[in-house]
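Right, one structure below, let's go through it.
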Amino acid sequence: MKPQVLKGFRDYAPEEMVVRQGMLDKVRAVFESFGYMPLHTPALEYAELLLGKYGDEGEKLLYKFEDQGGRMVALRYDLTVPLARFVGMNPNLRFPFRRYHIAPVWRAERPQKGRFREFYQCDVDLVGIDSPQADAECILVDCAVLSALGLSDFRVQVNHRAFLDGLLESLSIPKEKVVPVLRVLDKVDKITRDEMAVQLAAEGMDSHQVETLAGLSQVTGSNEERLARSLELAGGHPRAAAAVERLTRVLRVVEAAHPGAPVWFCPSVARGLDYYTGIVYETFLPPQFGVGSVMSGGRYDQLLGTFAGREIPAVGISLGIDRLVAALSSQGMASGGGVTSVLVCCMEGTEVKAAGVAAELRRNLAGKGVELYPEPARVKKQIEYADKAGIPVIVVLGEQELATSTAAVKSLRSGTQETVPLSGLAAHVAGLLHVR
RNA sequence: GUGAGUGUAGCUCAGUUGGCAGAGCGCGGGAUUGUGGUUCCCGUGGUCGGGGGUUCAAAUCCCCUCACUCACCCCA
């Protein structure tokens with residue numbers, strides 16, 4: 001058959017992987033700076049374990065099949081449910097338990113811009129604690145990661161499931177209408193207030209309900225003002241009031257740790273996953289980046305109980321590294337390049353010595369990639385190769401150099417070339433690389 | 001799952017009312033000896049996604065199919 005990859009799947013070419021890994025290194029460093037430890041879990045889980053966690057919509061997107069042993073298995077859909085299983089299997093974990101997990105997940109969606117069937121998530125979760133500080137920490141990690149990646153113009157939207165519950169309850173909205181109504185509310189950034197009103201009416205909302213719900217999109221001002229106004233719309237419902245109080249405390253922690261953090265209370269953010277029970281997060285970049293949500297998450301205090309046999313609170317976020325890569329690349333903010341700093345060129349009769357020189361350079365240029373042209377070839381060919389690979393410095397070892405224990409060192413950036421004794425080669429090359 | 005669009009050289013794409021398949025880039029070779037990027041010359045290149053139909057004649061028109069892209073739903 002002709003070579004091809006599956007719909008929604010893709011290869012990451014070496015040049016892309018350099019960019020990705022550079023970004024992932026930063027993500028990992030931020031995660032660890034907050035005290036999160038890495039966790040790995042298998043790609044495949046028992047299908048039964050994943051079923052019933054993501055709602056009907058999510059369920060349809062689960063890759064599941066029978067393995068050779070007749071077991072029904074499924075590729076993980078996210079990293080949160082596997083975490084829940086892990087917590088359930090390890091009752092002796094000390095809380096607070098902080099773990100991060102960077103790995104691919106699979107969803108059988110129809111592929112689209114910035115949307116794949118296999119993609120990487122970068123999750124941090126804080127397990128065992130239910131507190132405003134814990135809720136705030138996720139926001140702080142998110143902000144720290146995006147800042148570390150060079151982004152400043154992002155916006156973290158937060159809401160609380162209980163606020164929505166209280167609001168809808170205060171409006172006596174029937175249970176079967178909750179999901180459709182939340183779906184409409186979630187479109188707040190995409191449609192106008194009037195369109196929203198029409199869609200709400202189409203869901204059977206009466207004029208008072210429409211007015212109140214559509215009014216959410218008109219809430220403005222500072223977070224305090226938005227919280228207060230939203231609570232009014234919810235008629236001061238006790239559950240909504242508790243949610244507003246909680247969010248107020250969360251925002252206070254965020255502000256203390258990261259003054260001016262771009263965090264906004266957004267009463268219409270709903271989030272699709274079934275298991276969220278408290279705060280929910282969503283982070284967006286400005287439209288010119290051309291990607292949707294780059295981070296989302298929330299508190300899920302019931303999920304772990306399904307595996308642990310006792311309630312364990314938890315909160316977490318998930319960053320979409322593929323979208324971040326795409327976003328940064330689209331703005332020319334992704335730094336890539338090759339991994340090689342020096343190419344050692346050899347010619348007929350000097351290839352053995354060249355291998356020794358390359359090894360010597362590797363020992364003396366800590367961390368710099370030193371590549372040996374793997375066969376004798378015309379100098380022109382070797383320089384062309386270095387040029388196209390973006391290698392900044394070449395060391396030419398020909399017969400003349402061999403005879404005099406020297407090497408010709410050329411900077412491909414400046415075009416300058418010098419002949420230096422082998423004894424001082426590493427120092428000379430190091431100088432060229434540092435000066436740039 | 002629903003709707004729309006696109007498939008022509010390795011890549012990006014032209015191709016007129018149906019009439020001999022093109023360009024740019026890339027790739028290979030060359031322009032004095034062991035030296036890249038710029039320039040110049042020469043060359044390599046295609047079952048026009050696949051199958052069927054209409055026609056003297058189809059990349060072009062019709063039907064089917066596959067793949068990809070985009071939007072909706074949902075979502076990282």
*Pairwise C1' distance for B:U12 and B:G26, with rounding to whole Å*: 11 Å
_At 4.0 Å (heavy atoms only), tell me whether A:K187 reaches a base, stays on the sugar-phosphate, or touches nothing._
sugar-phosphate
*asked:* In this structure, how many angstroms lie between the P atom of B:G34 and the CD atom of A:E351, rounded?
replied: 16 Å
*Check: B:U69 base within 3.5 Å donor-acceptor of A:R110 side chain*: no
*For B:U44 and B:A9, measure between their C1' atoms and round to the nearest Å.*
10 Å
*asked:* Classify A:Q382 by what it touches in the nucleic acid, base, sugar-phosphate, or nothing, heavy-atom distance under 4.0 Å.
replied: nothing
*Would you mind pulling out the nucleotide paired to B:C61, Watson-Crick or G-U wobble, both distances under 3.5 Å?*
B:G53
*asked:* Quick check on RNA chain B: between A:G398 and A:L6, whose nearest nucleotide comes earlier from the 5' end?
replied: A:G398
*When only distance counts, do a donor and an acceptor, one from the side chain of A:K380 and one from the base of B:U35, lie under 3.5 Å apart?*
no
*Applying salt bridge (Lys or Arg N to Asp or Glu O under 4.0 Å), run through A:R299 and A:D130 and close with a yes or a no.*
CA-CA 9 Å; A:R299 174 164 288 284; A:D130 172 14; 3.7 Å; yes
*Side chains of A:L79 and A:S318: does their closest heavy-atom pair fall under 4.5 Å?*
no
*Where the side chain of A:T277 meets the backbone of A:D301, is there a donor-acceptor pair that is under 3.5 Å apart?*
yes
*Respond yes when some side-chain nitrogen or oxygen of A:Q112 is under 4.0 Å from OP1 or OP2 of B:C70, and no when none is.*
no
*For the pair A:Y12 and A:Y120, name the ring-plane relationship: parallel under 30°, tilted 30 to 60°, perpendicular over 60°.*
perpendicular
*Kindly say if A:S296 contacts the phosphate of B:A76, meaning a side-chain N or O under 4.0 Å from OP1 or OP2.*
yes
*Taking only N and O in the side chain of A:K388, is any of them less than 4.0 Å away from OP1 or OP2 of B:C27?*
yes
*Can you tell me the Watson-Crick or wobble partner of B:G3, both distances under 3.5 angstrom?*
B:C70
*Quick one: does A:Q209's side chain have a donor or acceptor within less than 3.5 Å of a partner on A:D206's backbone?*
yes
*Expressed in whole Å, how much space separates the P atoms belonging to B:G50 and B:A59?*
11 Å
*Between B:G45 and B:G7, how far apart are the P atoms? Round to whole Å, please.*
25 Å
*Roughly how far apart, to the nearest Å, are B:U60 and B:U55 at atom P?*
16 Å
*asked:* Counting only Watson-Crick pairs (N1-N3 plus N6-O4 or O6-N4) and G-U wobbles (N1-O2, O6-N3), all under 3.5 Å, who is the partner of B:A23?
replied: B:U12
*Between B:C68 atom P and A:R117 atom CZ, what is the distance in whole Å?*
8 Å
*Within this structure, what is the CE-to-P distance between A:M23 and B:A76, rounded to whole angstrom?*
17 Å
*How far, in whole Å, is B:G1 from B:C75 if one measures between their C1' atoms?*
15 Å
*In whole Å, what separates the P atom of B:U17 from that of B:C62?*
14 Å
*Answer with base, sugar-phosphate or nothing: what part of the nucleic acid does A:K7 contact at a heavy-atom distance below 4.0 Å?*
sugar-phosphate
*asked:* Expressed as a whole number of angstroms, how long is the span from A:Y385:OH to B:G28:P?
replied: 14 Å
_Base, sugar-phosphate or nothing for A:V396? Non-hydrogen atoms, less than 4.0 Å._
base
_Rounded to whole Å, how long is the line connecting atom CD of A:E401 with atom P of B:G34?_
12 Å
*Paired with B:U38 by Watson-Crick or G-U wobble geometry, both distances under 3.5 Å: which nucleotide is it?*
none
*Could you measure between the two C1' atoms, the one in B:G43 and the one in B:G5, and give it in whole Å?*
38 Å
*Say whether A:Y100 and A:D125, considering side chains only, have a donor N or O and an acceptor N or O under 3.5 Å apart.*
no
_Counting only Watson-Crick pairs (N1-N3 plus N6-O4 or O6-N4) and G-U wobbles (N1-O2, O6-N3), all under 3.5 Å, who is the partner of B:U33?_
none
*Would you mind classifying the nucleic acid contact of A:F116 as base, sugar-phosphate or nothing, using non-hydrogen atoms under 4.0 angstrom?*
base
